[in-house]
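Report on the following structure.
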Amino acid sequence: MAQDPNIARLLEHPAIWRGRSANAQAQGLATGFAALDERLPGRGWPRSGLIEILVSRFGSGELSVLLPGLAALTRAAAARWCVWVAPPLMPFAPALAASGVVLDRVAVVGGARALWAFEQTLGSGACDAVLAWARAPRPRDIRRLQLAAERGRTLGVLFRPRRAAGESSSALLRLALEPAAGGVRITLLKARGARCAAFCLDL
Amino acid sequence: MGARLVPVRGGPLPEGRRPGTAHAPQSPAAAALRTVAATAVACPARELWAGVHLPLAPPQLGLLAERAQRFSPRVSLAPPDGLLLEVRGSLQLFEGLPGLRAALASEYAPFKAQLAFAPTALAALLGARAGTAFEIVEFAQLIGQLAPLPLTLLRWPQETLERLKRLGVRSVGAALRLPRGGFARRFGAAQLAALDMLTGRAADMRAAFQPRARFRRRRELDCELSDHGRLLAALAPLLAALGSFLTARQYGVTELECSFAHRHSPATRCLLRLAAPCAEVERLRELLAEQLQALQLPEAVRSCELRAQALVPYQPDSRCLWQPGEQGGSVRCESSGLIERLQARLGPDAVHGLMVREGHRPEHAWSVSPPPPATGAGASPAQGCLSRRRPLWLLASPQPLASEDGLPLRRGPLRLTSEPERIESGWWDGADIVRDYYTAVDIHGVRLWVFRERAAPHGWFLHGVFG
């Protein structure tokens, strides 16, 4: 892109922070889908922080999108836990194992007080990733969860109903997801340092 | 509490030497002949005893002895008002004798304690009783320092002391100068043995203090409490006592029981189970707070009691330089701490792991397992050939679906997108199944795992969601 040399010099000033440069800083966790990696800041899921996945119906393909990344996390040497807080159904162990998840790293936390358990798990530092399902968390709760995830250096994934798309949220990344022919259609609602976009992903 | 007899070998004499066979305490000729003994006399003694005399005799000497174990592992009681500590090994920790003296003095300041240090236990005790505050490190100075002390400090029978007094023997030095044979005959062998122990000529057999192996402490409350926060505050002194109890023994606790007594109702019990031994009071307090939140109290609490029975030797972990997840830092105690917090609040079954079982029926192909270990080994998982044909979510029990013209319905008609997969049999455990499984897509595009029973009435069921 051709640029005025004056502007180029101005942009070198250290006090100027450009949103796009965030990409180069934090190396994300590869999602396993090249098309998704390209559009996410850091070329993957953030390694620490809260992300939101909004679906209109449970089972729209949200777990399939997440699973390759989770599997890579559990396979790493000295991997920490991958915790599922209050899942609506029981994750089917043979299918998880078949998609590459090391079951030895997976823990499931029971359903009562899901938000409290989510915050505890995120902030404990014992987990690489924490997945949680919440119906109606308040913006204040989301803020606390985001801080806890950064404290524990954990990837927190919060699954919410699609209708929450209009609410403000302090999550690092928000994406809405709906089933499409042969895969899912993803809408990036919020991403630090990346363009919001909508695209299809083959599963 | 079982008392254990430990030989206290204070003297410079070689082992196997029986008390009473030597004559002059330290004659130059004997020292010249016995070079080993001579070097031992010249060098600092192998043991150093701190004697603590407590004039305001405390009611529970045992409690003081427990606390004294932070200065030395070898503590013995000299009832009713004395404590003895072998502190040779602790000198470096407390930066020498002055540092140790200051630490001991501040520990026992409330009891107006008097301290003395000597190479033999009895000499240290005598010095403390006399209030001379001497610090004898070498045997060479021992007799000279002991000589002026009055004999009454030895607490011999009154009648013996009277007879010695009539002979004009009032001090330790005067008694030591008497001929040994005659002394034993006239004043008793026990008294001669005491003098030998005093000077290190004979071994001083003292029962080492054995701390209690269980913790049980009760506190009566000034007023009845029903507020959880105040109850936790009321437990704080008990927890502090537990902390020093555990530190003194290098124990950790895995089970802690807290019971609250009421005026009418039976006591409320609250049991805290830990995933790993713990000796940190702050962590125990946090867990107890979680547990108390969920506790239902029938009425106000009059007294509380803390009991710890499952004590195990505790080795604190060394701390990592890196935080977990940072620069490859690994997890040590975080996961057990997390399990404990979750279990304390949500119940004992709050956390579990998942495992695959050998079984072709979906319900029998997995089971829950205990929580996984903290850190993974970086294993590679077994790749199954069925990966694409199994859903990620399984319903706890199949959910019946309505059907229309032999096809299933769920919020509209379901479209079957796969060939049937037949899963059957299981006669050996009474859960026999005969099913044809299909992948189906509902009108919103959600992929489901449904089956049709082969048996009569051929009902359709939802069994999984691909997610």
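Within every chain, numbering begins at 1; the chains are lettered A, B, ... in the order of the sequence lines, protein sequences first and strands thereafter. What you are looking at is a predicted structure, and each value in this text was computed from that prediction instead of being measured.
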The interface call for B:E290 against chain A, heavy-atom contacts under 4.5 Å, is side chain
Applying a strict 4.5 Å limit to non-hydrogen atoms, the region of A:L67 in contact with chain B is side chain
d(A:M90 CE, B:H352 NE2) to nearest 0.5 Å is 4.0 Å
Ranking B:G445, B:G464, B:P372 by heavy-atom pairs under 4.5 Å to chain A gives rank one to B:P372
Practice task
Could you check if a side-chain atom of B:R341 sits within less than 4.5 angstrom of a side-chain atom of A:S124, using non-hydrogen atoms only?
Solution key: yes
Exercise for review: Start with the C-alpha gap between B:H444 and A:S60, add the side-chain angles, then the distance that decides, and say whether side-chain contact (heavy atoms from CB on, under 4.5 Å) holds.
Suggested key: CA-CA 9 Å; B:H444 303 291; A:S60 299; over 6 Å; no
- prompt: According to the interplanar angle, ranging from 0 to 90°, do the rings of B:W393 and A:F58 count as parallel (below 30°), tilted (30 to 60°) or perpendicular (above 60°)?
  reply: tilted
Turns out that what part of B:L392 lies under 4.5 Å from chain A's heavy atoms comes down to both
(Q) side-chain contact (heavy atoms from CB on, under 4.5 Å), that's the test. Do B:L346 and A:V109 meet it? Break it down for me. (A) CA-CA 9 Å; B:L346 303 176; A:V109 175; 4.1 Å; yes
Turns out that what part of B:A365 lies under 4.5 Å from chain A's heavy atoms comes down to both
Exercise. Is the CZ atom of A:R143 crowded by more than 12 outside heavy atoms at less than 6.0 Å?
Worked result: no
Check this for me: B:R361, atom CZ, are more than 12 non-hydrogen atoms of other residues, nucleotides or ligands nearer than 6.0 Å? yes
Nearest heavy-atom contact between B:V446 and A:R57 is CG2-CB, 4.1 Å
Within the structure provided, determine whether A:C127 and B:L338 are in side-chain contact (heavy-atom separation under 4.5 Å).
yes
Turns out that what part of B:L448 lies under 4.5 Å from chain A's heavy atoms comes down to neither
Does A:R144 have more than 12 heavy atoms from other residues, nucleotides or ligands lying within 6.0 Å of its CZ? no
A:A95 and B:P391 have their tightest heavy-atom pair at CB-O, 3.1 Å
Given B:V465, B:L395, B:L354, the one with more heavy-atom pairs under 4.5 angstrom with chain A than any other is B:L354
With a 6.0 Å cut-off (strictly less than), is the heavy-atom count around CH2 of B:W427, excluding the residue itself, greater than 12? no
On a heavy-atom basis, the closest approach of B:P362 and A:F92 is O-CE1, 3.4 Å
**Message:** In the structure I gave you, are the side-chain heavy atoms of A:L89 and B:L394 within less than 4.5 Å of one another anywhere?
**Reply:** no
Legend entry - Exam field: side chain A:S64 to backbone B:G467, donor-acceptor pair closer than 3.5 Å: yes
